[in-house]
Amino acid sequence: MKMTFRFALRSRHDDQIHELRSAGVVLAGMRVVVFLLIGATTVSAQRQLQPPLHTSGHQILDSADRAVRLTSVNWYGFDEKEYVAGGLDRAPLETIVTQIHAIGVNSVRLPWANETLETNPVVADYAVKANPEFRGKRAMDVMDAVIAALARARIMVVLDDHVGRADWCCKDADGNGLWYSAAYPEQKWLADWETIVRRYKNQPWVVGADLRNELRSGAQWGGDDPGLDWHAAAKRGGNVVLGVNPSLLVMVESPEYSTDFTGFGKLPVTLRIANRVVYSPHAYAPPAGHAFQSYDELKQAYDARAGYLLQAEPGVPLWVGEFGTCQTLECGDHGQWFRWLVRYLRENDLSWSYWPLNGTQSSGETRKYDAPETYGLLAPDYQHIAAPEIVKMLRTIEAPRKSEPYLTRRPKRP
């Protein structure tokens, strides 16, 4: 698009530019040029990006030590009752990937369930009817194809162990609140991480492992109960991941639905391989009656929950692994909350992952298959943007804000 506009501008207006008298036309042209420059910067950065990734202090860097702002969308479905990414019933895979690319993000957080990996069921025909090549295929074969398509588009993937039993997440009593359950004990959790990391070890665009989604149900950071101590379990899980693929980032969430990182400063995660850990808080609008009354109030609350870690040492990057709101932003206090949150992400130069990409729901508790996804960035046909104002705001926080794209010193490699 940039090239087409540039050549059209020259061919039509080079000889006439001094005859333009309309300030509106000039200002409109300036706005288009600014938009194209912003888009060109994001696309250029994505083309230059070279995985694998690693960390240095509070930054994420690529293999050439360029600063990377990990900007993502959550594409759920492999964690749900259809056992397959949402939208494959509505649009060809390549079409959906094209829409992700158009949004401008450089990565996808891909939720999966231990049930999906362990049972690897044949996917239902109705769930992939827009992609007939997947009929009769098993869930993990479809995941292979999805990840390969994202990689061809130079879109990175973070594998997210979202739930044990495939279903919609989350609440305290859903049986998926800890990193293990009776049906999926810790040894299976560790073995599943070993299996899925090995499966994609030779795919360089798989860059991260989000160890477990939204710990709750009594999970603690440290403590005397090994059955609730997520800090110790995260170390075990992270070391298993890096034992198979030492090049991956390891994303660590927190108790209280990944909203409470207050203990991380005094009790950090230290793995056998350095420069791999990323902390991943989540953020959604407060419930009715508890809305933030100002940006300063939001900032104070989020600084206390996790933002203080940006000044803590040893430095660990933050990646806001989930946040989202209604498509139109016309949802009372939630719309204002989202605007303030984007400001917070911008001022702190934070990496992020919007929830969700999906235009329709998958089957699950409280969910109805094929119903519109009211937070989704894509329309139900998965071929158009359903939330243009949100996408516009996200594009303002896609490139790293910091002016130093390279480190002055290379981090010590393991």
Side-chain angles (χ1 to χ4, degrees), residues 54-55 57-58 60 109 111 114 158-164 169-170 172 174-182 184-194 196-197 208-246 248-283 302-322 350-351 353 414:
H54 59 281
T55 72
H58 298 101
I60 298 173
R109 181 176 182 252
N114 296 86
V158 174
L159 299 170
D160 159 43
D161 183 29
H162 210 67
V163 289
C169 181
C170 301
D172 278 340
D174 63 8
N176 282 318
L178 299 172
W179 62 97
Y180 67 92
S181 66
Y184 300 95
E186 180 173 309
Q187 285 308 114
K188 282 192 174 183
W189 174 67
L190 295 173
D192 287 350
W193 265 121
E194 186 174 356
I196 200 166
V197 171
D210 191 335
L211 293 177
R212 188 66 171 195
N213 180 66
E214 296 193 353
L215 282 301
R216 51 200 184 278
S217 305
Q220 299 173 6
W221 193 248
D224 298 328
D225 188 341
L228 297 175
D229 183 0
W230 170 235
H231 171 262
K235 289 178 65 176
R236 294 192 292 272
N239 284 326
V240 164
V241 166
L242 295 177
V244 179
N245 186 349
L248 291 182
L249 296 179
V250 175
M251 280 69 175
V252 181
E253 301 188 28
S254 82
E256 298 296 331
Y257 295 81
S258 206
T259 64
D260 182 6
F261 286 76
T262 54
F264 282 52
K266 293 183 179 179
L267 191 59
V269 177
T270 304
L271 302 180
R272 293 174 188 151
I273 298 176
N275 305 316
R276 295 295 181 270
V277 175
V278 175
Y279 296 150
S280 182
H282 291 186
Y302 287 178
D303 281 350
R305 294 177 191 178
Y308 78 95
L309 292 166
L310 295 173
Q311 280 72 49
E313 295 296 339
V316 176
L318 299 184
W319 175 59
V320 181
E322 286 188 24
L350 291 176
S351 294
S353 185

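Computed from heavy atoms alone, side chains included, the values below leave out hydrogens, waters and symmetry copies.
Side chains of Val252 and Phe264 form a contact here, defined as non-hydrogen atoms less than 4.5 Å apart. Between Leu248 and Arg276 there is no side-chain heavy-atom pair separated by less than 4.5 Å. Considering only heavy atoms from C-beta on, Trp230 comes within 4.5 Å of Pro255 through its side chain.
Applying the salt bridge (charged side-chain N to carboxylate O under 4.0 Å, His left out) criterion to Asp303, with sequence neighbours excluded, gives Lys299. In this structure, the side-chain hydrogen bond (donor to acceptor under 3.5 Å, both in side chains) partners of Tyr257, at least two apart in sequence or on a different chain, are Asp172. Among residues two or more places apart in sequence or in another chain, the salt bridge (charged side-chain N to carboxylate O under 4.0 Å, His left out) test is passed with Lys188 by Glu118. Residues satisfying the side-chain hydrogen bond (donor to acceptor under 3.5 Å, both in side chains) criterion with Ser353, sequence neighbours excluded, are Asn74.
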Can I get a per-line list of side-chain donor-acceptor pairs under 3.5 Å for residues 209-216, giving both atom names and the distance, sequence neighbours left out?
{"unit_1": "Asp210", "atom_1": "OD2", "unit_2": "Arg109", "atom_2": "NE", "d": "3.0"}
{"unit_1": "Asp210", "atom_1": "OD2", "unit_2": "Arg109", "atom_2": "NH2", "d": "3.2"}
{"unit_1": "Arg212", "atom_1": "NE", "unit_2": "Leu178", "atom_2": "O", "d": "3.2"}
{"unit_1": "Arg212", "atom_1": "NH1", "unit_2": "Asn114", "atom_2": "OD1", "d": "3.2"}
{"unit_1": "Arg212", "atom_1": "NH1", "unit_2": "Asp161", "atom_2": "OD2", "d": "3.0"}
{"unit_1": "Arg212", "atom_1": "NH2", "unit_2": "Leu178", "atom_2": "O", "d": "3.1"}
{"unit_1": "Asn213", "atom_1": "OD1", "unit_2": "Arg109", "atom_2": "NH2", "d": "3.0"}
{"unit_1": "Asn213", "atom_1": "ND2", "unit_2": "His162", "atom_2": "NE2", "d": "3.4"}
{"unit_1": "Glu214", "atom_1": "OE2", "unit_2": "His282", "atom_2": "ND1", "d": "2.8"}
{"unit_1": "Arg216", "atom_1": "NE", "unit_2": "Lys171", "atom_2": "O", "d": "3.1"}
{"unit_1": "Arg216", "atom_1": "NH1", "unit_2": "Glu214", "atom_2": "O", "d": "2.6"}
{"unit_1": "Arg216", "atom_1": "NH2", "unit_2": "Asp174", "atom_2": "OD1", "d": "3.1"}
{"unit_1": "Arg216", "atom_1": "NH2", "unit_2": "Asp174", "atom_2": "OD2", "d": "2.8"}
{"unit_1": "Arg216", "atom_1": "NH2", "unit_2": "Asn176", "atom_2": "O", "d": "3.4"}

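Smallest separation of non-hydrogen atoms from Val158 and Trp319: CG1-CH2, 3.9 Å. The heavy-atom pair separating Ala233 from Trp179 by the smallest distance is CB-CE2, 3.4 Å. When all heavy atoms of Ser181 and Gly175 are compared, the pair lying nearest together is CB-O, 3.8 Å.
Atom CZ of Phe261 and atom CG of Leu318 lie 7.5 Å apart (nearest 0.5 Å).
Among pairs with a residue in residues 219-240, those fulfilling salt bridge (Lys or Arg N to Asp or Glu O under 4.0 Å) read Glu186-Arg236, at least two apart in sequence or across chains.
Not one N or O on the side chain of Tyr180 forms a donor-acceptor pair closer than 3.5 Å with the backbone of Gln187. Side-chain N or O atoms of His58 include one that pairs as donor or acceptor with a backbone N or O of Leu310 at under 3.5 Å. Looking at Tyr279, its side chain never comes within 3.5 Å of a backbone N or O of Ala306 through a donor-acceptor pair. Of the possible donor and acceptor atoms, one in the side chain of Glu313 sits under 3.5 Å from a partner among the backbone N and O of Gly315. Although no hydrogens or angles enter the test, the distance criterion places a donor-acceptor pair under 3.5 Å between the side chain of Ser254 and the main chain of Thr259.
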Leu309 vs Val316, side chain to side chain contact (heavy atoms under 4.5 Å, CB included): CA-CA, chis, key distance, verdict: CA-CA 7 Å; Leu309 292 166; Val316 176; over 6 Å; no

